[in-house]
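In what follows, a structure is listed as structure tokens, so that the remarks can point back to it.
Numbering of ligands and ligand atoms starts at 1, following listing order.
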Amino acid sequence: MGQLSLKDVRKSYADFQVLKNIQLDVGNGEFIVFVGPSGCGKSTLLRMIAGLDSTTGGDILIDGVRVNDKPPVERGIAMVFQSYALYPHMSVFENIAFPLRVEKMPEARIREKVEGVAKILQLDKRLEQRPGMLSGGQRQRVAIGRAIVREPKIFLFDEPLSNLDAALRADMRIELTKLHRDLKATMIYVTHDQVEALTMADRIVVLNAGNIAQVGAPLELYHKPQNLFVAGFIGNPKMNFLPVNCVAETPDGVTVSYQGQSIQLPVASRPGMVGQTLTLGIRPEHLILGDGDMTIVVTPSVIERLGVNTVAYANLPTGEPYCALLSGSAPVRVEQAMATGIRAADCHLFDAEGIAFERRMDWRIQAMPDTVTAA
Ligand code: ADP
Ligand code: MG
């Protein structure tokens, strides 16, 4: 079992509050990813779960048992760091075997376990080599192997792929996803890379300045961000934000206006918004060339052509940055006016405090569309 509960967990250094009242329940076998900008407290939270940092307040429970006062070795966790932290003078075999030697496991059993793990991680031909002879990806696999042999209840990973080049990172991402499926263990994975978060997580925890901004499945965060922070953090290029004026609220939605055009958005209305300045969010990939329910003409200053798509960067008539992600080789040019259409169904809406209006859509349908059968 590997169930984790964080109850009102806090951490301060002197009068600086790094983490504020963190509440989280992680189910046995879940793959949880902590994301957030640098300095938001991801590593601190992971190190507190591991027992490497003390807790200022609140309770950390593993399988229902409070572990705040237990040393790391008694918590049933194993942690993998960005810096692989291998012993350079020991072979791969001895590096993986290290925690088992500390436990004084019999030699024959150690060999059996290390060889089994090496096979899973494709290190079986490397066992006699030293870490210095391995590539970055292989070294990280040795560090992961050393975590696996301990058979922890919970794996903790702190940006384990950040030192690898882009191609290797993509390979390791897939390997870690398979490893999670095979081991069926609870994994908590810290990254600042939202692609890693979106592709690997069962659920993502978005941290912002020591608070949880939202917890949810990857596509839930993409389609239903609860606030401006999550809306801007999840998705690349980042969501566009337009300052709009609320002109009407009906049971069918909220009507807003921008530069003399109005659009009715299918979101749950809230009383008292008429006359207020709200923020309309539209993702770059949802803009269409030409007319939409609302059409915005901008002049791109930079265009990036990536083959699979074209990215145009411009500024809105009101000055804010504006980006369109268009498929294929789109017929747009630098310094030439381009009309972008916004469809009401694609829009997000946020109040003056940055809290989202509930969108009328089911993200689960986007996550798992009905199978299309050939006629
Ligand atoms: P992240 O991993 O999200 O980048 P960290 O958890 O490492 O962030 O750090 C969160 C905040 O706590 C940062 O502002 C950092 O400067 C501060 N911090 C971390 N460790 C200490 C420490 N030992 N003493 C004082 N401040 C610290
Ligand atoms: Mg960190």
Side-chain angles (χ1 to χ4, degrees), residues 4-24 26 31-60 62 67-69 71-72 75 77-86 136 139-140 143-144 146-147 152 154-166 168-169 172-173 176 186-201 203-216 218 221 225-236 238:
L4 172 75
S5 294
L6 304 178
K7 297 198 185 301
D8 218 11
V9 166
R10 298 184 298 281
K11 177 73 177 178
S12 302
Y13 287 110
D15 54 2
F16 176 57
Q17 258 197 307
V18 180
L19 292 163
K20 304 158 196 166
N21 306 77
I22 300 292
Q23 306 279 2
L24 181 69
V26 176
F31 198 128
I32 294 287
V33 175
F34 292 170
V35 282
S38 185
C40 69
K42 304 180 296 293
S43 295
T44 305
L45 187 54
L46 206 65
R47 293 173 58 84
M48 286 161 71
I49 297 166
L52 301 172
D53 277 346
S54 65
T55 302
T56 308
D59 297 317
I60 300 173
I62 295 176
V67 297
N68 291 47
D69 304 317
R75 295 190 183 196
I77 48 97
M79 189 153 166
V80 178
F81 301 88
Q82 177 180 346
S83 63
Y84 321 119
L86 302 178
R139 282 181 220 181
Q140 193 52 285
I144 293 168
R146 194 171 52 190
I154 302 177
F155 285 86
L156 305 176
F157 295 94
D158 193 355
E159 311 225 12
L161 309 186
S162 297
N163 283 354
L164 307 179
D165 66 49
L168 203 51
R169 226 164 39 223
M172 283 297 288
R173 214 165 62 209
L176 279 172
T186 308
M187 295 190 173
I188 301 181
Y189 187 102
V190 165
T191 183
H192 63 269
D193 178 343
Q194 55 159 306
V195 176
E196 285 180 17
L198 289 165
T199 54
M200 296 199 287
R203 284 191 303 155
I204 298 175
V205 177
V206 183
L207 287 169
N208 177 25
N211 288 302
I212 293 183
Q214 189 171 351
V215 180
L221 299 194
Q226 285 170 356
N227 49 61
L228 273 176
F229 181 81
V230 175
F233 192 78
I234 299 288
N236 184 31
K238 176 173 162 9

Run the numbers for me: atoms of ligand 1, each under 4.0 Å from some heavy atom of V18, listed by number.
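Here the atoms of ligand 1 in question are 10 (C), 11 (C), 12 (O).
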Show the atoms of ligand 1 that are less than 4.0 angstrom away from any heavy atom in T44.
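Answer, ordered by atom number: 5 (P), 6 (O), 9 (O), 10 (C).
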Is the shortest distance from a heavy atom of G36 to ligand 1 less than 4.0 Å?
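Contact absent.
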Residue pair [X] / [Y]: nearest heavy atoms and the distance that separates them:
X: N227; Y: A213; result: ND2-O, 3.0 Å
X: D193; Y: V35; result: O-CG1, 4.4 Å
X: R146; Y: Y84; result: NH2-O, 3.4 Å
X: R10; Y: M48; result: O-CE, 3.5 Å
X: L164; Y: M172; result: CD1-CG, 3.7 Å

May I ask you to check if ligand 1 and C40 share an N or O to N or O distance below 3.5 Å?
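Yes, since at least one N or O of C40 sits under 3.5 Å from an N or O of ligand 1.
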Is there a polar contact between ligand 1 and G39, counting only N or O atoms under 3.5 Å apart?
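N/O-N/O distance below 3.5 Å exists for this pair.
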Please list the nearest protein heavy atom to [atom] with its residue and the distance rounded to 0.1 Å.
atom: atom 18 (N) of ligand 1; answer: Y13 CE1, 3.6 Å
atom: atom 7 (O) of ligand 1; answer: S43 CB, 3.8 Å
atom: atom 15 (C) of ligand 1; answer: F16 CE2, 4.8 Å

Counting backbone and side-chain atoms alike, is an N, O or S atom of T44 positioned under 2.8 Å from the Mg ion (ligand 2)?
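Short answer: no, not a single N, O or S atom is under the cut-off.
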Would you say Q23's side chain and V9's backbone share a donor-acceptor pair under 3.5 angstrom?
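Such a contact is absent between Q23 side chain and V9 backbone.
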Closer than 4.0 angstrom, basic N to acidic O: yes or no for D59 and K7?
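Answer for the salt bridge query: no.
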Could any protein non-hydrogen atom be found less than 4.0 Å from atom 24 (N) of ligand 1?
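For atom 24 (N) of ligand 1 the answer is yes, since some protein heavy atom falls inside 4.0 Å.
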Can you tell me which residue among V80, V190, I188 is in a side chain to side chain contact (heavy atoms under 4.5 Å, CB included) with D158?
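In the set V80, V190, I188, the residue that makes a side chain to side chain contact (heavy atoms under 4.5 Å, CB included) with D158 is V190.
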Proximity winner for atom 3 (O) of ligand 1, if only heavy atoms of R47, Q17, K42 are counted
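Of the listed residues, K42 has the closest heavy atom.
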